[in-house]
Amino acid sequence: MQHPEKNKKHDFSEYVDFTSMPQSHQIVLEHHHPEAFIDPYHHHASIELNYLHNCSMTYSFSGSEVTLSDGHFTVFWAARPHRVIHVDGPGTITNAYVSLSQFLQWRLPSSFTNAILSGAVLTTTQGSEMDRSLTQKWAKEIQNNSPRWDEVHALEMESRLKRLALEGWNVLLQQSNSVPENITGGKAIFHFETMLKFVSENFVSNISVQDVADQTGVSQNYAITLFKKILGRTIKEHLIEMRLIHAKMRLGETNDKILTIAMDSGFGSLSSFYEAFQKRNGISPARFRKNTIKD
């Protein structure tokens, strides 16, 4: 169990100019029956809250599996590629997607914020009837679809996360990403969210770093620097990682030719795909496929 008094680092909020952020509540609520993803891994800039009712669910985060238990809140930054690979039970899931800018406005304890932004998947230490009741209310109130209800839900989520940060949490998956530093203003967060969304929707296409920068009207150098500061890798590195994750899924789950997979994953040539795959995984795509089928 992690406790907020341990592993204290710098406070990320000190680098953000909150006055330049809009004060609207940027939250999306969903309630449905969870299903394994048929589509490839996806990612987005939001902070994701999951609560399972009468079922369990297994995520794969870039190949690392994490099982979410019934009756527990789970929180993670969805910038890391992930997808649902297994659901056990007939229950439902209540999801909340909180924009990164909204999450930072809440000024949660730095130990909790740092854990989330470093890529960890956090969960409550025990189930709670209060959480079950709260998420059941959210599920019913989604249909209200009004700014007043959005404000209530935002306040309740802020309160619940602050309580989690004070109570302590369990770590389901620990990542080694560095916590972003020196973010110079609220607009930087919005630029990053826009770029990350564009990459998520277009990484299999022949897009360039300049294309990504153009989506938010900033220079290529600024886009590269901002991406590196917040996500810990450059835009080019992130594009390659997304394409490789997509390709690995296709290699393991289809009989498609390797050339077809390479091109459909956004690589311009078979040679560039082999080079990137070998460098990232230490084996060739063909060997990876054989090992996966054998397992």
Side-chain angles (χ1 to χ4, degrees), residues 1-16 18 21 26-27 41 43-52 57-69 71-83 94-128 131 134-135 154 156-183 186 188-189 192-193 196 226-233 238 241:
M1 172 179 170
Q2 300 292 313
H3 192 275
E5 294 303 317
K6 295 181 180 180
N7 302 321
K8 284 192 174 181
K9 300 180 181 179
H10 58 269
D11 184 354
F12 178 75
S13 63
E14 68 182 276
Y15 299 107
V16 182
F18 292 94
M21 292 182 176
Q26 303 167 61
I27 289 174
Y41 289 88
H43 70 302
H44 46 89
S46 304
I47 306 299
E48 189 166 337
L49 285 71
N50 291 179
Y51 186 91
L52 292 165
M57 184 175 75
T58 301
Y59 273 118
S60 174
F61 288 86
S62 303
S64 299
E65 295 185 9
V66 174
T67 297
L68 279 56
S69 301
H72 286 260
F73 259 119
T74 304
V75 187
F76 59 90
W77 188 23
R80 186 170 180 81
H82 60 285
R83 67 180 182 130
T94 302
N95 292 89
Y97 303 94
V98 181
S99 73
L100 180 59
S101 54
Q102 176 70 83
F103 177 75
L104 294 175
Q105 286 179 54
W106 287 341
R107 298 177 182 267
L108 299 164
S110 59
S111 56
F112 182 77
T113 301
N114 291 343
I116 292 294
L117 296 183
S118 69
V121 179
L122 310 182
T123 189
T124 50
T125 58
Q126 57 186 2
S128 166
D131 288 341
L134 179 62
T135 52
E156 289 173 340
M157 287 178 204
E158 178 184 6
S159 176
R160 184 63 189 93
L161 290 181
K162 286 183 175 178
R163 179 178 290 275
L164 175 57
L166 291 173
E167 292 173 341
W169 56 85
N170 288 334
V171 179
L172 297 181
L173 179 64
Q174 183 69 63
Q175 300 298 328
S176 58
N177 299 346
S178 60
V179 178
E181 299 185 37
N182 301 320
I183 304 304
I189 301 299
F192 171 73
E193 289 178 323
L196 192 66
L226 180 62
F227 221 87
K228 179 72 173 178
K229 284 181 177 179
I230 296 182
L231 205 56
R233 55 181 175 269
H238 185 61
E241 180 178 357

Nearest 0.5 Å, what's the CD-CD distance between Gln105 and Gln102? 5.0 Å
In Å and rounded to the nearest 0.5 Å, what is the CG to CG distance from Leu108 to Asn114? 11.0 Å
Any idea how His238 and Phe227 line up, ring-wise: parallel (<30°), tilted (30 to 60°), or perpendicular (>60°)? tilted
What one should report as the nearest heavy-atom pair of Asn170 and Thr125 is ND2-CA, 3.6 Å
Quick one: are Leu100 and Leu117 in side-chain contact, heavy atoms under 4.5 Å? yes
Indicate the atoms forming the closest heavy-atom contact of Ala79 with Leu196, along with that distance. CB-CD2, 3.9 Å
With sequence neighbours excluded, what pairs up with Tyr59 under the ring-ring contact (aromatic ring centres under 6.0 Å, His included) test? Phe61, Phe76, His82
Considering all heavy atoms, the nearest Leu122-Phe112 contact: CD1-CE1, 3.8 Å
Taking C-beta and beyond as the side chain, do Val75 and Ile116 meet within less than 4.5 Å on heavy atoms? yes
Taking the side chain as every heavy atom from C-beta outward, state whether Ile189 and Ile230 have any atom pair closer than 4.5 Å. yes
Between Ala120 and Gln174, the two heavy atoms sitting closest are CB-NE2, 4.1 Å
With rounding to the nearest 0.5 Å, note down the distance linking CD in Gln126 to CD in Glu167. 7.5 Å
With a 3.5 Å distance limit and no angle check, can you tell me whether Thr123 reaches the backbone of Phe73 through a side-chain donor-acceptor pair? yes
Correct closest heavy-atom pair for Glu193 and Ser101 would be OE2-N, 3.6 Å
So, the side chain of His72 versus the backbone of Thr124: is there a donor-acceptor pair under 3.5 Å, distance only? yes
What pairs with Glu158 under side-chain contact (heavy atoms from CB on, under 4.5 Å), at least two apart in sequence or on another chain? Trp106, Leu155, Lys162
One should read off an interatomic distance between Leu166 CG and Leu161 CG, to the nearest 0.5 angstrom, of 11.0 Å
Which distance, rounded to the nearest 0.5 Å, do you find between the CE of Met157 and the CD1 of Ile27? 4.5 Å
Atom CG of Asn50 and atom CE of Met57: how far apart are they, to the nearest 0.5 Å? 4.5 Å
Quick check: closest heavy atoms across Ser64 and Leu173, and the distance to 0.1 Å? CB-CD1, 4.0 Å
Suppose we screen for side-chain contact (heavy atoms from CB on, under 4.5 Å). Which residues come up paired with Ser128, at least two apart in sequence or across chains? Met130, Asp131
